[in-house]
**Q** 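Let me give you the structure first, and then I'll get to my questions.
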Amino acid sequence: MEVKAYGAHASDKPLESMDIQRRAPGPDDVQIDIVYCGVCHSDLHQVRSEWGGTHYPCVPGHEIVGHVSAVGDKVSAFRVGDTVGVGCMVDSCQHCHSCDEGLEQYCENGFTPTYNGATEDHPGHTLGGYSQKIVVDQNFVLKIRHPEDQLAAVAPLLCAGITTYSPLRHWNVGPGKKVGIVGIGGLGHMGVKLAHAMGAHTVAFTTSESKREAARELGADEVIVSRNEDEMAAHAGTFDFILNTVAASHNLDAYTNLLKRDGTLTMVGVPEDPHPSPAIGNLIFKRRNIAGSLIGGIAETQEMLDFCAEHKIVADIELIPAKAINEAYERMLKSDVKYRFVIDNATLAE
């Protein structure tokens, strides 16, 4: 079937309205009428081929919320009319060690991303959520339990939410733990909300004094302006865990120094240029760790969505029409959004 979408034909071209093809649902497929799609910073990187390997036309979008409009004969968990989501993956090998453990994001044969991944469908690579419809294998579709009027703000949970939830869960964040969230942006604002809801003493790090009150409103128990050396020094050696969401190169020693013995600094932001090499002594003498984390597997993503529904957590968003996407990309580069853009997909046909 032919549907309306927004995408780019080349790395130096703006996104524009286009018609794309979607396959008819197979026996294991779920067809989704997309209502909202979040705008992730990685969408911009992919469209402009800043990470290399982008296939065109490129239709981004991996924070998808919509309603089921058709299901295949073998689909039992979803029915027409269900409210569902699709995140960063639409397939994996489903038989390697990681997939068997429900960690499809670490598939040893490589998962299929929601856009720009190899597929048998036309045009030979996956096309994402800046579109009216998508057809996805039932194993990669998620149930949404939030109220209908919150769906736009739910969309970013499918990437920003799970990217922060997964490491918080893996490193056992909860009551009795002092947890830091570095950066108060699309990822960081979700990290603050989630860590607070998990019961941790949550500390937000920001470079800007002007964001202090905003961070408290998100749920931070304390806020540290990282450029204030006295504030940073007052917390030396006191953190169990710090989640670093910043995607710009910076000195990691300032944060490893804040960790307790056996504390962990986990990175989820990917900078354009490498971080300066951390001081090894800072790690050795306290058995501190610097780690990384990707998104989450399907089971954990469903767990995150259910947790957020229970705790009434959604992203803080700005809803935009599809025709505003190029302006949104430029504003995103300037961090001129609180905290996530979301496309109203009803505007794709305008």
**Q** Apply the hydrophobic cluster definition, ILVMFWY joined by side-chain contacts under 4.5 Å directly or through others, and give me every member besides Y56.
**A** none

**Q** For the NZ atom of K178 and the OG1 atom of T202, what is their distance to the nearest 0.5 Å?
**A** 11.5 Å

**Q** Could you give the distance from SG (C107) to CD (Q94), rounded to the nearest 0.5 Å?
**A** 8.5 Å

**Q** Does a donor on one side chain and an acceptor on the other come within less than 3.5 Å for H189 and E217?
**A** no

**Q** For K260, look at atom NZ and say whether over 12 heavy atoms of other residues, nucleotides or ligands are found less than 6.0 Å away.
**A** yes

**Q** Between R212 and E231, does any NZ, NE, NH1 or NH2 come within less than 4.0 Å of an OD or OE carboxylate oxygen?
**A** yes

**Q** Going by the rule side chain to side chain donor-acceptor pair (under 3.5 Å), which residues pair with H250 if we only count those two or more places apart in sequence or in a different chain?
**A** N244

**Q** Going only through I, L, V, M, F, W and Y residues with side-chain contacts under 4.5 Å, is there a path from I64 to V71?
**A** yes

**Q** We want to know whether E101 and H97 form a side-chain donor-acceptor pair, criterion being a heavy-atom distance below 3.5 angstrom.
**A** yes

**Q** Has H196 got more than 12 heavy atoms of other residues, nucleotides or ligands less than 6.0 Å from its NE2?
**A** no

**Q** Would you say the side chain of R169 lies within less than 4.5 Å of the side chain of E300, judging by non-hydrogen atoms?
**A** yes

**Q** Suppose the criterion is side chain to side chain donor-acceptor pair (under 3.5 Å): which pairs have a residue in residues 340-350, not counting sequence neighbours?
**A** E63-R340

**Q** Assess the residue pair F205 and Y255 against the criterion (ring-ring contact (aromatic ring centres under 6.0 Å, His included)); give the C-alpha distance rounded to whole Å, side-chain angles, the decisive distance to 0.1 Å, and a yes or no.
**A** CA-CA 10 Å; F205 292 89; Y255 297 103; 5.3 Å; yes

**Q** Can L265 and N289 be said to form a side chain to side chain contact (heavy atoms under 4.5 Å, CB included), step by step?
**A** CA-CA 6 Å; L265 170 69; N289 310 286; over 6 Å; no

**Q** Assess the side chains of E303 and Y165: does a donor N or O sit below 3.5 Å from an acceptor N or O?
**A** yes

**Q** Determine whether the side chains of T112 and D91 contain a donor N or O and an acceptor N or O closer than 3.5 Å.
**A** no

**Q** Check this for me, if you would: do R331 and E318 make a salt bridge, where the nitrogen-to-carboxylate-oxygen distance has to be below 4.0 angstrom?
**A** yes

**Q** Is there a path from Y106 to L168 through hydrophobic residues (I, L, V, M, F, W, Y) whose side chains come within less than 4.5 Å of each other?
**A** yes

**Q** Are D316 and K338 ion-paired here, with the side-chain N under 4.0 Å from a carboxylate O?
**A** no

**Q** Any luck finding a side-chain donor-acceptor pair between Q302 and D306 under 3.5 Å?
**A** yes

**Q** Could you pull out the closest heavy-atom pair between P167 and T266, with the gap in Å?
**A** CB-CG2, 4.0 Å

**Q** Determine, for D221 against R216, whether the closest basic-nitrogen to carboxylate-oxygen distance falls under 4.0 angstrom.
**A** no

**Q** If we only count heavy atoms from C-beta on, is the Q132 to D33 side-chain gap below 4.5 Å?
**A** no

**Q** Heavy atoms only: give me the nearest A315-L157 pair and the separation to one decimal.
**A** N-CD2, 4.3 Å

**Q** So how far is it from T163 OG1 to M304 CE, rounded to the nearest 0.5 Å?
**A** 8.5 Å

**Q** State yes or no: do F140 and V154 share one hydrophobic cluster built from I, L, V, M, F, W and Y residues joined by side-chain heavy-atom distances below 4.5 Å, directly or via other members?
**A** yes

**Q** Apply the hydrophobic cluster definition, ILVMFWY joined by side-chain contacts under 4.5 Å directly or through others, and give me every member besides M1.
**A** V3, Y6, L15, M18, I20, V39, L44, V47, V59, L127, Y130, V135, I320, I325, Y329, M332, L333, V337, F341, I343, L348

**Q** Checking R288 now: which residues fulfil side chain to side chain donor-acceptor pair (under 3.5 Å) with it, not counting sequence neighbours?
**A** N282

**Q** If we ignore angles and hydrogens, is there a donor and acceptor under 3.5 Å between the side chains of S208 and R227?
**A** no

**Q** Considering non-hydrogen atoms only, spot the tightest contact between M89 and G296 and give its length.
**A** CE-O, 3.6 Å

**Q** Just do the side chain to side chain contact (heavy atoms under 4.5 Å, CB included) check on T245 and V182 with the steps written out, would you?
**A** CA-CA 6 Å; T245 72; V182 183; 5.5 Å; no

**Q** Return yes when atom CG of D149 has more than 12 non-hydrogen atoms of other residues, nucleotides or ligands closer than 6.0 Å, and no otherwise.
**A** yes

**Q** Any chance you could measure I224, atom CD1, to L258, atom CG, to the nearest 0.5 Å?
**A** 6.5 Å

**Q** Side chains of N228 and D230: any donor to acceptor distance under 3.5 Å?
**A** no

**Q** Can you name the closest pair of heavy atoms from I295 and C88 and give their distance?
**A** CD1-CB, 3.6 Å

**Q** Identify whether the distance between the nearest side-chain nitrogen and carboxylate oxygen of D29 and R23 falls below 4.0 Å.
**A** yes

**Q** Kindly work out whether a path of hydrophobic side-chain contacts (I/L/V/M/F/W/Y, heavy atoms less than 4.5 Å apart) joins V203 to V268.
**A** no

**Q** Compare all side-chain heavy atoms of V30 with those of V75 and state whether any distance is below 4.5 angstrom.
**A** yes

**Q** Report yes if the side chains of L252 and M267 come closer than 4.5 Å at any heavy-atom pair, otherwise no.
**A** yes

**Q** Could you tell me the separation between the CD atom of Q150 and the CD1 atom of I317, rounded to the nearest 0.5 Å?
**A** 10.5 Å

**Q** Quick check for you: to the nearest 0.5 Å, what is the distance between S92 atom OG and E104 atom CD?
**A** 5.0 Å

**Q** Going by atom types only, do E222 and H201 share a side-chain donor-acceptor pair under 3.5 Å?
**A** yes

**Q** Please assess T126 against D121 for the test side chain to side chain contact (heavy atoms under 4.5 Å, CB included), listing each intermediate value before the final yes or no.
**A** CA-CA 7 Å; T126 51; D121 298 344; over 6 Å; no

**Q** For R48, is there an ion pair with E330 - N to carboxylate O distance below 4.0 angstrom?
**A** yes

**Q** So H67 and V35, do their side chains get closer than 4.5 Å, heavy atoms only?
**A** yes

**Q** Report the C-alpha separation of S131 and K4 in whole Å, then their side-chain angles, then the decisive distance to 0.1 Å, and conclude whether the side chain to side chain contact (heavy atoms under 4.5 Å, CB included) test is met.
**A** CA-CA 6 Å; S131 57; K4 291 289 184 184; over 6 Å; no

**Q** Would you indicate whether the side-chain heavy atoms of C308 and H146 approach each other to under 4.5 Å?
**A** yes

**Q** If the condition is side chain to side chain donor-acceptor pair (under 3.5 Å), which residues does Q21 pass it with, not counting sequence neighbours?
**A** E2

**Q** Side-chain contact test, heavy atoms from C-beta onward, threshold under 4.5 Å: evaluate it for L243 versus W171 and give yes or no.
**A** no

**Q** Is there a path of hydrophobic side-chain contacts, each under 4.5 Å between heavy atoms of I/L/V/M/F/W/Y residues, joining L294 to L158?
**A** yes

**Q** For residues V84 and I32, determine if any side-chain heavy atom of one lies less than 4.5 Å from a side-chain heavy atom of the other.
**A** yes

